[in-house]
Q: 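Dropping the structure in here first, questions after.
Per chain, numbering begins at 1; letters A, B, ... match sequence-line order.
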Number of protein chains: 2
Amino acid sequence: MRFETSTIKDIAKALGLSTSTVSRALRDRYEISEETKKLVLAYAEKVNYRANPIARSLKERRSYSIGIIASEIANNFFSQVINGIESIAYDKDYHVIISQSHESYKQEKLNVEHLASRSIDGLLIALSSETQDIDYLRDLYTKGLPIVFFDRVPEDFETHKVIANNFKGSFDATEHLILSGKRTIAHLTNSENLSITKERLKGYKAALVKYHIEFRPELVKYCQHGGMHSAELEQAVKELLPLQPDGIFISSDRLTTGCIMALKKTNPEVAHKIAIAGFTNSNLVELFSPSLTSVKQPAFEMGQVATELLISMIEAKRPITEFETRILDTELVKMPKH
Amino acid sequence: MRFETSTIKDIAKALGLSTSTVSRALRDRYEISEETKKLVLAYAEKVNYRANPIARSLKERRSYSIGIIASEIANNFFSQVINGIESIAYDKDYHVIISQSHESYKQEKLNVEHLASRSIDGLLIALSSETQDIDYLRDLYTKGLPIVFFDRVPEDFETHKVIANNFKGSFDATEHLILSGKRTIAHLTNSENLSITKERLKGYKAALVKYHIEFRPELVKYCQHGGMHSAELEQAVKELLPLQPDGIFISSDRLTTGCIMALKKTNPEVAHKIAIAGFTNSNLVELFSPSLTSVKQPAFEMGQVATELLISMIEAKRPITEFETRILDTELVKMPKH
DNA sequence: AAAAAGTGTGCAAACGTTCCCAAAAACGTT
DNA sequence: AACGTTTTTGGGAACGTTTGCACACTTTTT
């Protein structure tokens with residue numbers, strides 16, 4: 001804000017002290033006598049003194065801000081993650097700058113670079129479904145920018161990561177479809193290069209194996225753009241239906257809602273005949289028709305954990321050598337009676 | 001970021017120039033010769049020079065950041081507004097800090113004050129449904145913080161505002177219910193003090209008048225917390241149903257989805273018998289059951305317009321005396337056949 | 001030929017902090 | 001009475017920019 005606010009200098013002048021004394025008194029340093037501290041604090045209170053965070057940042061060479069790259073905030077999974085992030089960041093006096101990749105690699109890179117030039121102290125990122133080349137992140141990381149990945153994480157990048165138990169979540173969802181009598185279960189999933197895609201595919205396969213159901217590759221459809229284009233989804237649905245699946249397991253939030261829409265739009269007559277299970281954190285899932293079984297990720301907690309890890313990296317005195325990958329359990333919310 | 005980056009000083013030293021010359025060359029000032037400019041620009045490019053935004057902010061006494069207060073980003077209306085805001089802000093080189101009030105006055109005030117202390121250059125705000133006292137905003141405003149209101153605006157505050165045509169949107173929705181044969185139309189709405197509540201109530205009443213339907217106050221239910229607590233909604237539904245409405249017109253996004261949920265939960269047998277029309281920007285509305293007629297606000301555009309107005313205030317050389325209230329048209333999306 | 005105007009550059013202060021270093025004040029010890 | 005210690009304070013540089021002003025040098029005008 002450009003409007004006049006009192007500064008340390010003003011306080012110093014008013015009290016006949018030096019700026020250094022005032023600064024130290026405000027930060028409650030041991031060197032300053034109780035008397036002086038009280039004096040300064042009282043006066044600061046009186047004139048409603050607020051430290052200028054920009055000056056502080058310049059001096060301390062850090063901004064107390066962390067950047068977030070999510071696919072899109074309109075997606076409940078990400079908005080919940082963000083809430084988790086904020087709950088921790090706020091406590092520790094960081095603020096948060098949110099960017100959306102909209103599942104585009106180009107946009108993601110642009111945003112990261114914009115954030116970096118904005119002097120963020122650290123980065124929380126879920127990779128876009130298009131992203132394959134993460135060298136630009138590696139660059140920033142080796143230059144000293146702390147990075148923590150969540151949800152969509154790269155394999156070959158040594159840092160903290162926070163993910164859901166994708167294998168188990170997928171296994172449970174697929175098993176649930178099988179146990180309700182489905183035998184031809186399609187799998188609609190994200191772009192092949194995402195970590196979540198691979199892990200969720202494994203869970204799906206494992207459930208099939210357990211119940212001696214043959215895995216048929218043609219029942220698996222990948223969506224390069226993660227469901228951001230409806231044409232992509234409609235195409236996938238169109239290719240899947242001739243195989244007459246009696247169940248579909250869908251691998252992410254946007255895909256789940258998008259797939260149901262595509263089904264309803266292109267083949268309303270079968271939409272209610274196919275059992276659907278999918279990853280989604282939508283808080284409107286109870287309203288959906290057809291209804292579905294959903295795998296909910298612990299999104300809020302994921303944001304919290306990722307932020308704690310990131311801040312620990314930012315504030316670490318010595319370089320970190322031990323990194324962890326936290327795996328959080330998902331929750332299966334079964335479809336109400338059909 | 002704390003890692004080494006080159007500064008103007010480094011460039012100056014390397015090129016045997018003064019920092020002022022380099023600074024001016026980079027900003028393409030007329031005083032500097034073409035020759036020198038080229039030299040500086042080339043070298044800056046080579047060392048990948050990025051101006052330090054913090055230093056710049058300190059010197060210029062502005063942060064190139066704008067604050068947003070929304071109810072919650074999980075709400076599609078707000079996420080769309082934010083997308084609109086970002087589209088403009090990004091272009092003009094501002095960045096955006098998002099805060100959520102979760103419809104709580106206390107949280108809203110806290111967030112605004114936090115943002116203000118973070119040196120934002122301007123504020124975009126939609127009031128929480130609890131908010132009645134906006135003196136704290138007035139304070140900041142008179143101290144020089146530019147503020148633009150969107151969606152939920154105060155009456156007695158002279159600044160730019162951007163709203164939807166709430167009257168017409170409500171009128172249209174109510175009329176649509178009437179034209180499809182409904183005569184006992186309830187109105188579920190937000191807290192009484194919000195601007196949108198008042199305007200939408202007027203539209204509802206006007207439609208009743210046009211079709212000679214008596215206005216019955218007991219058919220109007222207010223929700224102080226804007227649908228953030230499910231208990232509040234269930235209570236409202238419980239009070240409404242004995243009056244046997246054949247239609248409900250609902251006045252905001254969160255309330256619309258919340259009301260349908262409450263209906264389904266508490267009275268599933270009637271849920272499909274009541275025609276519902278409501279304000280919502282949910283992009284999942286096609287999936288809902290029961291289906292509904294929705295009034296969509298031009299959220300993206302609202303964000304854009306608000307941001308343009310705000311930036312014009314921030315960058316104005318002289319105090320602004322003429323303020324405008326922009327009113328944007330809503331769109332009625334009719335329910336598919338029942 | 002001198003004065004005026006124009007062009008290109010550098011010096012140094014300022015933005016509001018933090019923190020190293022020194023200095024002053026208060027106290028105790030011989 | 002002289003000297004250490006400890007406690008408390010102040011001076012001033014630094015963080016990386018921007019910008020008013022002064023200066024030197026050219027060119028134009030009278």
Q: Starting at CZ of A/R62 and ending at P of C/dT18, how long is that distance when rounded to a whole Å?
A: 13 Å
Q: What is the separation between atom CZ on B/R61 and atom C1' on C/dA14, rounded to the nearest whole Å?
A: 10 Å
Q: What is the separation between atom CD1 on B/I54 and atom P on C/dC15, rounded to the nearest whole Å?
A: 19 Å
Q: Among A/E103, A/E108, A/E130, whose salt bridge (charged side-chain N to carboxylate O under 4.0 Å, His left out) with A/R152 holds?
A: A/E103
Q: Give every residue pair that meets the salt bridge (charged side-chain N to carboxylate O under 4.0 Å, His left out) criterion with at least one member in residues 88-97 of chain A, sequence neighbours excluded.
A: none
Q: Measuring to OP1 and OP2 of C/dA14, would you say a side-chain N or O of A/K9 lies under 4.0 angstrom away?
A: no
Q: So does A/Y49 get a side-chain nitrogen or oxygen closer than 4.0 Å to the phosphate oxygens (OP1/OP2) of C/dT17?
A: yes
Q: Return the orientation label for the B/Y136 and B/Y105 ring planes: parallel under 30°, perpendicular over 60°, tilted otherwise.
A: perpendicular
Q: Can you give one letter per nucleotide of nucleotides 6-11 of chain C, 5' to 3': B if a protein heavy atom sits under 4.0 Å from the base, S if only from the sugar-phosphate, - if neither?
A: --BBBB
Q: Expressed as a whole number of angstroms, how long is the span from B/E60:CD to D/dG16:C1'?
A: 12 Å
Q: Assess whether atom CD of B/E31 is packed by more than 12 heavy atoms of other residues, nucleotides or ligands within 6.0 Å.
A: yes
Q: Calculate the interatomic distance between A/L26 atom CG and C/dC19 atom P; express it in whole Å.
A: 13 Å
Q: Quick check: does any side chain N or O of A/S23 sit under 3.5 Å from a backbone N or O of A/S20, one acting as donor and the other as acceptor?
A: no
Q: Indicate yes or no: at least one non-hydrogen side-chain atom of A/V162 is less than 4.5 angstrom from one of A/F149.
A: no
Q: Between atom CG in A/L58 and atom P in C/dT18, what is the gap in whole Å?
A: 12 Å
Q: Would you find a donor on one side and an acceptor on the other, under 3.5 Å apart, between the side chain of B/T131 and the backbone of B/L127?
A: no
Q: Atom CD1 of A/I8 and atom P of D/dG11: how far apart are they, to the nearest Å?
A: 15 Å
Q: Side-chain N or O of A/R56 versus OP1/OP2 of D/dC15: is the shortest distance under 4.0 Å?
A: no
Q: At 10 degrees resolution, what angle do the end axes of the helix from C/dA1-D/dT30 to C/dT30-D/dA1 form when each is taken over five base pairs?
A: 70°
Q: Do A/H95 and A/E86 come close enough that some side-chain heavy atom pair is under 4.5 Å?
A: no
Q: With a non-hydrogen cut-off below 4.0 angstrom, is B/S23 in contact with a base, only sugar-phosphate, or nothing?
A: base
Q: Taking the six-membered ring for Trp, is the centroid-to-centroid distance between B/F157 and B/Y141 below 6.0 Å?
A: yes
Q: Specify the separation, in whole Å, of atom NZ of A/K59 and atom C1' of D/dG12.
A: 10 Å
Q: Do any side-chain nitrogens or oxygens of B/R29 fall under 4.0 Å of OP1 or OP2 in D/dT19?
A: yes
